[in-house]
Structures are given as C-alpha cells and as structure tokens.
Protein chains: 2
Amino acid sequence: MTKVTKGANRRATINDVARAAQVSRQTVSNVVNRPDRVAPDTRARVEAEIERLAYRPSSAAKSLREQRAGAVGLELNTLGHGRRGDIIYSFTVELSIGARGHDCHIVTFGSDSDRPSITGYEAMVRARLVDAFVLADTHHDDPRPAWLDKAGIPYATFGRVWDAPDFTGWADVDGAAGTSAAVDHLVAEGYSRVGFLGWPEGSATGDDRRRGWREACERHGIYRESLQASTIQELHPAEEAAAPLIEAVGTGGAIVCVSDVIALAVQQVLLQSGRRPGIDLGITGFDGSPLAEMNDISSVEQPLDQIADELLSQISDRLAGQPLPEQGTLLTPTFVPRASSRRGVEHA
Amino acid sequence: MTKVTKGANRRATINDVARAAQVSRQTVSNVVNRPDRVAPDTRARVEAEIERLAYRPSSAAKSLREQRAGAVGLELNTLGHGRRGDIIYSFTVELSIGARGHDCHIVTFGSDSDRPSITGYEAMVRARLVDAFVLADTHHDDPRPAWLDKAGIPYATFGRVWDAPDFTGWADVDGAAGTSAAVDHLVAEGYSRVGFLGWPEGSATGDDRRRGWREACERHGIYRESLQASTIQELHPAEEAAAPLIEAVGTGGAIVCVSDVIALAVQQVLLQSGRRPGIDLGITGFDGSPLAEMNDISSVEQPLDQIADELLSQISDRLAGQPLPEQGTLLTPTFVPRASSRRGVEHA
DNA sequence: CGCGAGCGTTTGAACGTTCACAGCCACGGC
DNA sequence: GCCGTGGCTGTGAACGTTCAAACGCTCGCG
C-alpha cells in the first residue's frame with residue numbers, strides 16, 4: 001500500500017464545471033478565454049460555477065495543447081552574488097512577482113560549474129519546460145545569446161549584450177543618470193569636491209556610471225577639482241584604491257562609487273582612520289543592495305520591478321511573433337540618500 | 001501573419017523515436033523509465049535513436065498523464081534578505097541545482113505584500129503548477145503549515161517549525177555544533193575570554209547557537225570569564241550592544257556572534273575605535289553569507305547543498321506516499337576561519 | 001502434445017485543454 | 001415560405017505521455 005491517495009478530493013476540471021453549469025466544456029473554455037463570445041446569462045452561470053468549484057485550468061493540459069510551457073527560465077549560479085552587486089536575489093523576486101501579471105511563471109535552474117555553460121539551457125529546452133529565458137548577467141564572450149539565437153529560443157537580457165550591439169532585447173538601468181543624481185545630491189548637501197571610484201575602464205556599465213559623474217561635475221563647475229581611481233569588485237583591492245582617493249578629496253569632499261561594495265570599502269577605510277561617513281566625507285554607492293542599506297550608505301537604487309516587468313513584456317512579444325524592439329529599454333534609477341552623504345547627520 | 005513559426009524544426013516526440021527505432025511508443029517509454037523490461041538489443045537500438053534525435057520526454061505531457069507537476073514551489077519575498085542572514089539566494093541556487101537530481105524543477109513565486117500570505121500558494125496549487133513546497137523561513141504564527149496540511153499538500157521546511165514540535169519534515173543546521181566549533185577554534189588560536197552576542201532569548205535558532213557557545217566554554221573551562229549580550233538582527237542596535245561587550249571581553253578576547261550581520265556590527269565598532277579585528281579582538285559570525293566573506297569575517301558556513309538535497313528527498317518521499325520521518329534532519333555546519341579570528345594575521 | 005508461465009512487445013484508453021468545424025436557432029429579406 | 005446570415009453552443013480530434021491489459025512467442029512440465 002505505497003500508493004498515494006491524492007489529496008482527499010480531486011480538484012475540479014473543465015468538465016466538472018461544464019456539467020454543473022449545464023453547458024459544454026467548450027463554452028466553459030470560452031468563458032475563460034473569450035468571454036465576448038458567450039451570451040451574458042450563460043456566462044454568469046458558468047462564472048458562478050467556476051467560483052463555486054474553485055476551478056483553475058490545469059497548466060499541464062494547457063501546455064500540452066498549446067505546445068508552450070508558459071514558463072520562463074532563469075539560471076541561478078553561485079557566482080550571482082559577486083556580479084551585479086548582490087541584487088540578483090531581489091531581481092529574482094521581482095521577476096517571480098511580475099510573472100503572474102504576464103501569465104507565466106519562473107523556473108529556476110542552476111549550474112554548479114564555474115563557467116556558465118549552455119547544458120542547463122539545453123536541458124530546459126529539450127524537456128519543453130520553458131519557452132524563453134531571462135539572462136541576468138551577460139558578459140564578454142558569453143556563448144548563450146548565440147546558442148539561443150541558433151536554437152530559435154526567445155530571450156531578454158538584464159543589461160546590454162556587449163558582443164552584440166544590434167541586439168535590442170534588453171532592459172537596463174541608466175547608469176549615467178544614477179551617478180549624475182548622486183553628484184547633484186552631494187553638491188546640494190554642500191560637498192565641494194567629488195571624486196569617483198570606479199571599475200577599470202572597458203566595462204560598459206562602469207564607463208557609463210563614470211560618465212554620469214563626470215558630466216554632472218562639469219555641469220556644476222567642479223570637474224577640475226574632481227578625481228577618479230579604479231579598482232575591481234572586491235573589498236581589499238578597493239580599500240587600497242580608496243585610501244589615496246580619500247586623502248586627495250580631503251575633508252568636506254565626497255566620493256561617488258561605482259557600486260555598493262566599493263562604497264563599503266571606502267567607508268571601512270574612513271572608519272579605520274577615525275573619520276565619520278557623511279560628516280567628514282560623503283559616500284554614495286550604486287545598486288541599492290541590502291549591503292548599502294545595512295551600512296547606511298546612500299545608494300542609487302535600481303528599478304528592478306520595472307526591469308523585470310519590461311523583460312517579461314518583451315518575452316511575451318517575442319512569443320507572440322513580434323520582432324525585436326527598435327531599441328533597448330533604459331530605465332531611470334532612484335537616488336536614496338542615507339547617513340553616508342548627509343553632512344549634518346551623525347553616523348550612528 | 002502574426003502567427004509564430006515554432007522553432008525551425010519541431011522537437012522529437014516519443015512517436016518519432018518509436019518510428020525510427022521500429023518499435024512501439026510504449027517500448028520507448030519503457031527504455032526510458034523501466035529499462036529492465038526491455039530486451040538488450042532493442043534497448044540499444046532505441047537508445048541510439050533517442051540520442052540521435054535528442055529526444056527528451058515532454059514535461060507537460062508527463063504532468064498531464066501522471067497528474068503531478070513534477071515541480072516544487074518556493075516563495076521568494078522581498079523580506080528574504082533580512083531573515084536568515086542573506087543566504088536565501090544561495091539556498092535558492094542550491095535548491096535549483098539539487099532539483100535536477102530529484103527529477104523535478106523549482107518554480108518560484110513572489111508576494112509583494114509584507115506579510116507572507118497563502119494566496120500565492122493557493123494559486124500555485126489550483127493551477128497544478130507544483131506538487132509540493134519548500135518553506136524557507138517559517139516563523140511564529142506562520143499560517144502556511146496549517147493551510148498546507150489541510151489542503152493535503154506536502155512540504156518540507158528549512159528550519160524547524162516553532163509552533164509544531166511534532167512536525168518532522170524539516171532539515172536544519174546544528175547551531176550548537178557551529179558555535180561550539182567557533183569556540184574551539186578561538187581557544188586554539190589563544191583567545192582567553194570568549195563572549196557571545198546573540199538574539200534575545202526565545203528564538204529557537206538563537207538559543208541553540210548560544211547553547212553551543214556556552215557548552216564549549218564550559219568544556220574549555222573558560223565559561224566563568226565569558227559574557228553574553230543580546231540584540232536584534234539590525235546593524236545599529238547591534239552596534240550599541242557590541243560596544244560594552246567589546247570592552248568587557250577586552251583586548252585578547254573574542255566574540256562569537258549569532259549571525260554574520262551581528263559580527264559585522266562588532267567589527268564596525270572595533271574599527272571605529274581604532275582596534276584591529278583578529279589581532280586585538282577575535283570575531284566569528286554565523287551563516288557563511290557573502291557579507292562575512294567580503295568583510296573577512298570568520299563564519300560558520302551552512303551546508304546549504306545538503307539541506308536542499310535533504311528537503312527535496314523528503315518531498316519525494318512524501319509524494320511517494322511515505323509518512324513523515326521519525327525525526328528532522330540536523331546537519332553539521334563548517335567553521336571557516338578568516339582574518340577576523342587569527343591573532344597573527346594582519347587584517348588588511 | 002497440450003497448457004500454463006514468463007518475457008518482451010503492442011494496443012487502447014485516459015489525463016484536461018483548445019482548435020476547427022458542425023449544428024441549432026432566430027431573424028430578416030426576397 | 002424559403003433560404004441565407006449571424007450569434008451561440010456542442011462535438012471530434014489532437015497535443016505527448018504512461019498505465020492496464022492484451023498479445024504472441026518460447027520454454028518447461030506433465
């Protein structure tokens with residue numbers, strides 16, 4: 001007797017509703033999918049039964065019939081935290097929330113290998129588990145776009161695809177607008193010199209954020225006093241790069257950082273030298289990660305909900321046979337001020 | 001002409017394989033699911049065709065026939081980061097990786113409301129999108145276990161269910177073993193007094209970790225010199241609680257923290273007073289979060305891959321009709337030493 | 001030599017849905 | 001009064017899979 005007794009009472013099917021409402025199953029289907037084709041009183045009767053029996057179409061049956069999974073795949077890997085400054089989780093959440101509105105759902109799959117490979121994608125496609133993918137961390141020499149193109153699987157990416165400038169199926173954050181807003185805020189708070197601590201040149205995202213800082217400084221007429229340095233997305237190297245920049249900007253100055261991790265490094269160095277964030281030196285980060293929130297660091301928050309929604313819309317369009325959009329979607333982030341960039345507020 | 005031309009060449013079905021291998025579809029099905037029932041040469045022929053045609057059973061058809069989704073639901077919410085110290089993402093990844101081995105997949109769904117409600121669960125169940133759930137953050141007065149029990153939906157939880165001591169469908173980390181290992185390490189490194197900074201009493205997880213610290217201190221005969229304090233899982237309150245404890249333990253002492261966030265708070269306070277982690281005061285955290293890694297804080301790393309695997313196994317068993325296990329599964333975490341608890345190593 | 005058992009294979013049915021089309025009815029124009 | 005039309009509802013088929021049962025073959029036994 002190892003057989004399962006499937007949940008006390010079997011869930012209602014379209015036939016149960018049809019029988020209860022004294023119509024055929026097709027009429028029930030129409031009520032759900034093409035309400036306009038059904039006479040008002042019939043519709044009301046069917047809708048009442050749907051409600052009463054708590055009927056919801058079986059996604060498996062629908063998938064089989066429609067030859068589509070109604071699902072979008074998302075690869076999660078253990079590298080996720082490093083890249084994109086720790087917001088991958090929030091992005092995954094927003095995607096999961098947004099999926100309901102696009103009547104699909106998110107299926108995650110993982111790869112434990114270091115380099116993301118296409119085997120996971122292939123498995124998903126072959127099992128017809130998903131119709132499309134969201135790529136969250138495209139990088140240089142990424143094999144995935146080409147493979148997906150060849151296989152004819154639609155996808156949309158969070159961030160531009162470096163190797164393929166012609167590809168427009170992306171949504172991204174306007175990095176320049178973000179750092180620009182940070183500089184505006186710092187100037188308004190009265191910081192006189194504004195430095196920038198970025199990634200080494202050559203990363204599109206990093207260069208974009210640097211440009212926003214430079215342009216804003218020029219606009220405020222403080223560019224000549226400003227300085228920049230570069231580092232990679234790790235705490236210790238960042239701390240080494242931070243120290244001289246802090247001295248160069250001096251007390252009463254501020255540093256706009258290319259990411260929250262870098263901003264944290266700056267704050268650490270500052271604290272070790274006995275100075276107070278905000279009061280002695282302004283600091284802003286980028287990404288709106290929990291890291292920044294926890295450490296009371298001002299940050300440029302990415303509109304992840306909008307990005308998720310945009311990507312899902314694009315995927316819907318691709319699945320409906322529409323061509324790629326004219327151009328990618330650039331969304332404006334929000335600057336969130338915290339103690340690290342307020343001169344008057346004591347940093348707890 | 002908005003109709004989609006579905007990916008150049010339709011993917012192979014069981015019938016295509018059957019025709020190519022000159023057998024019936026059921027024989028192909030047997031080769032895949034019950035290879036022992038098929039004659040060796042037939043099997044070889046069929047397997048060759050499966051390989052050649054890149055056949056993989058359609059999950060939709062399988063779901064419909066077997067009346068099960070072959071999927072496990074996981075709720076992700078925006079609160080995730082705060083709770084469980086930021087390891088939710090890593091847990092999600094491990095679950096996604098582990099799913100393949102249990103031939104199922106993970107479907108995530110989100111709730112944007114603050115309090116986790118059961119509406120998301122209900123939607124998943126009604127659409128037959130998932131067969132079971134993993135609950136990652138059960139808490140006091142959690143309505144979900146009772147609702148799932150009533151609905152007859154299996155689930156397994158990461159962490160014990162407070163309100164239901166009889167429920168054994170959980171996997172958790174042996175918190176006491178973790179803090180105990182931390183104390184062992186600190187004593188071996190030569191720290192003489194070991195304090196504990198925990199959460200307020202009454203949380204099972206927190207009390208467990210505190211007990212491990214106390215028992216290890218007793219074992220090493222240093223309990224009388226040890227001290228404890230309590231705080232909540234937020235940076236600023238933690239910093240306030242940390243300051244007096246740091247003074248009480250004194251230079252050459254160490255503090256075992258109930259979480260990485262708390263450990264970070266201790267390190268921040270220490271740095272602000274010009275002292276060096278590890279050298280002047282030992283610090284250990286708990287969770288193995290990226291936060292600890294980035295800040296070079298020793299931590300007790302949770303075996304998330306094992307937990308994910310165990311939970312998926314339990315779900316498989318429940319779906320196969322087996323009863324709840326005798327007791328929950330307690331897994332041993334690993335202590336990972338870093339600069340914050342090495343007396344000789346300079347903290348960069 | 002007949003018969004049951006066992007093995008490997010095939011066949012029919014079913015899972016729940018939607019599409020294409022057929023049917024029914026009422027209405028209006030000729 | 002007949003037929004075409006348009007609005008609404010019902011019927012058969014199909015999506016790809018697995019289960020239950022039937023089938024044909026070989027073998028061993030009486």
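Just so it is clear: chains get the letters A, B, ... in the order the sequence lines come, proteins before strands, and each one is counted from 1.
Remark on DNA chain C: of its neighbouring residues Thr27(B) and Lys62(A), the 5'-side contact belongs to Thr27(B), judged by nearest-heavy-atom nucleotide. Each of Arg65(A) and Arg65(B) was assigned the nucleotide of DNA chain D with the nearest heavy atom; the assignment lying further toward the 5' end belongs to Arg65(A).
A donor-acceptor contact under 3.5 Å links the side chain of Gln26(A) to the base of dC19(C).
Nearest to the side-chain atoms of Ser24(B) among the listed nucleotides dT17(D), dT10(C), dT9(D) stands dT10(C). Checking dG16(D), dT10(C), dT17(D) against every side-chain atom of Leu64(B), the shortest atom distance belongs to dG16(D). Checking dT17(D), dT18(C), dT9(D) against every side-chain atom of Pro57(B), the shortest atom distance belongs to dT17(D). Of the candidates dT18(D), dT17(C), dT17(D), the closest approach to any side-chain atom of Asn15(B) belongs to dT17(D). Each of dG10(D), dT9(D), dT17(D) was ranked by its minimum atom distance to the side chain of Val23(A); first place goes to dG10(D).
Taking only side-chain nitrogens and oxygens, Asn33(B) comes nearer than 4.0 Å to OP1 or OP2 of dT18(D). Distances shorter than 4.0 Å separate none of the side-chain N or O atoms of Ser29(A) from OP1 or OP2 on dC19(C). At dA14(C), none of the side-chain N or O atoms of Gln67(B) fall inside 4.0 Å of OP1 or OP2 (strictly under the cut-off).
Judged by distance alone, with hydrogens and angles left aside, the side-chain atoms of Arg126(A) form a donor-acceptor pair with the main-chain N or O of Ala54(B) at under 3.5 Å. At least one donor-acceptor pair under 3.5 Å links the side chain of Asp131(B) to the backbone N or O of Ala69(B). Under the 3.5 Å distance criterion, the side-chain polar atoms of Ser24(A) are left unmatched by any main-chain donor or acceptor of Ala18(A).
Ile14(B) has its CD1 atom 19 Å from the P atom of dA14(C), to the nearest Å. One interatomic measurement links the two molecules: CZ of Arg25(B) to C1' of dA21(D), which rounds to 13 Å at whole-angstrom precision. Atom pair Asp16(A):CG and dT17(C):P shows a separation of 9 Å (rounding to whole Å applied). The interatomic distance linking Asn30(A) (CG) with dT17(C) (P) rounds to 14 Å, in whole Å. As rounded to whole Å, 18 Å separates atom P of dG10(D) from atom CZ of Arg34(A). For the pair Arg68(A) CZ and dA14(D) P, the interatomic distance rounds to 22 Å; values are reported in whole Å. For the pair Glu66(B) CD and dA13(C) P, the computed distance is 21 Å after rounding to whole Å. Distance CD (Gln22(A)) to P (dC8(D)): 20 Å, rounded to an integer number of Å.
Counted within 6.0 Å of CZ on Arg37(B), heavy atoms from surrounding residues, nucleotides or ligands total 12 or fewer; the atom is thus considered open.
Of the charged side-chain nitrogens involved, none lies within less than 4.0 Å of a carboxylate oxygen, so that Arg52(B) and Asp16(B) do not count as a salt-bridged pair.
The residue Ser63(A) sits apart from the nucleic acid: no heavy atom pair falls under 4.0 Å. Residue contacts for Thr13(A): at a heavy-atom cut-off of 4.0 Å it reaches the sugar-phosphate backbone alone, with no base atom in range.
For the ring pair (Phe, Tyr, Trp, His ring centres under 6.0 Å) with Tyr155(B), the lone residue among Trp170(B), Phe167(B), Trp147(B), Phe133(B) that qualifies is Phe167(B).
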